[in-house]
Amino acid sequence: MKKNLLFITSIIISLYSNAQAVIDTDTLLNIYNNHRFYNISDSSNNKLILFLHGGLNNPYFKQPYDQITLNNLIENNKDFITQASDNNFDLVIPITNDSLNWLDQPQESFKVIKDLI
């Protein structure tokens with residue numbers, strides 16, 4: 001009985017770990033008007049989530065653009081991306097630093113994001 005339970009548990013764990021989304025961030029990085037965005041989209045989607053993450057004053061965002069990872073922006077929550085995709089949402093996640101900061105420069109940032117969309 002214990003062997004069967006252990007076997008079934010290991011199968012479930014294996015299936016769950018294989019179901020985690022593998023995200024190739026190189027293909028998701030877009031540049032628009034000198035600003036970088038992660039863009040996760042599917043041509044059949046007709047809804048959009050614009051993910052304006054917090055913590056813009058965090059020293060992490062003082063790094064060069066290519067050091068700011070998608071995984072960090074979504075706080076290691078790959079299920080967020082999976083659920084958005086499963087529900088037909090595209091995702092746009094801006095990479096911010098001093099040049100795109102919606103807390104300190106909301107009008108300019110809104111214009112950039114609106115033009116991107």
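Numbers here simply count residues along the sequence, with the first being 1. Side chains included, hydrogens not; waters and symmetry mates left out as well; all remaining heavy atoms used.
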One should read off an interatomic distance between Glu108 CD and Ile113 CD1, to the nearest 0.5 angstrom, of 10.5 Å
Heavy-atom nearest pair, Leu73 first then Phe51, reads O-CE2, 3.4 Å
Should Leu29 and Leu70 count as side-chain neighbours, where that means a heavy-atom distance under 4.5 Å? no
Across all chains, not counting sequence neighbours, the side-chain contact (heavy atoms from CB on, under 4.5 Å) partners of Phe110 are Lys114
**Asked** Got a donor-acceptor contact below 3.5 angstrom from the Asn87 side chain to the Phe89 backbone?
**Response** no
Rounded to the nearest 0.5 Å, the CG atom of Asp115 sits from the CG atom of Asn33 at a distance of 7.5 Å
Side chains of Leu48 and Ser41, heavy atoms from C-beta outward: is any pair under 4.5 Å? no
The reported gap from CD in Gln63 to OG1 in Thr69 (rounded to nearest 0.5 angstrom) is 8.5 Å
Under 3.5 Å, is there a donor-acceptor pair between the side chain of Gln105 and the main chain of Trp102?
no
So CZ of Phe61 and CD1 of Ile68: to nearest 0.5 Å the spacing works out to 6.0 Å
Is the shortest side-chain heavy-atom distance between Arg36 and Asn30 below 4.5 Å? no
inquiry  = With a 3.5 Å distance limit and no angle check, can you tell me whether Lys47 reaches the backbone of Ala84 through a side-chain donor-acceptor pair?
reply    = no
Note to self: Quick check on the 6.0 Å ring-centre criterion: do His53 and Tyr38 meet it?
What the structure shows: no
Review point. Is there a donor-acceptor contact under 3.5 Å linking the side chains of Ser44 and Asp42?
Key: yes
d(Ser85 OG, Ile40 CD1) to nearest 0.5 Å is 8.5 Å
Margin query: Are the side chains of Val92 and Ile49 in contact, using a 4.5 Å heavy-atom criterion?
Written below: no
The side-chain hydrogen bond (donor to acceptor under 3.5 Å, both in side chains) partners of Asp86 (sequence neighbours excluded) come to none
What about Ile31 and Ile95, same hydrophobic cluster or not, with Ile/Leu/Val/Met/Phe/Trp/Tyr joined at side-chain heavy-atom distances under 4.5 Å?
no
Residues at least two apart in sequence or cross-chain that pass side-chain hydrogen bond (donor to acceptor under 3.5 Å, both in side chains) with Asn45, listed by chain then number, are Asp90
In terms of heavy-atom contacts, Tyr32 and Val112 come closest through CE2-O, 3.8 Å
When rounded to the nearest 0.5 Å, the distance separating CD1 of Ile117 from CG of Leu50 is 5.5 Å
Review point. Between Lys78 and Asn71, is any pair of side-chain heavy atoms under 4.5 Å apart?
Key: yes
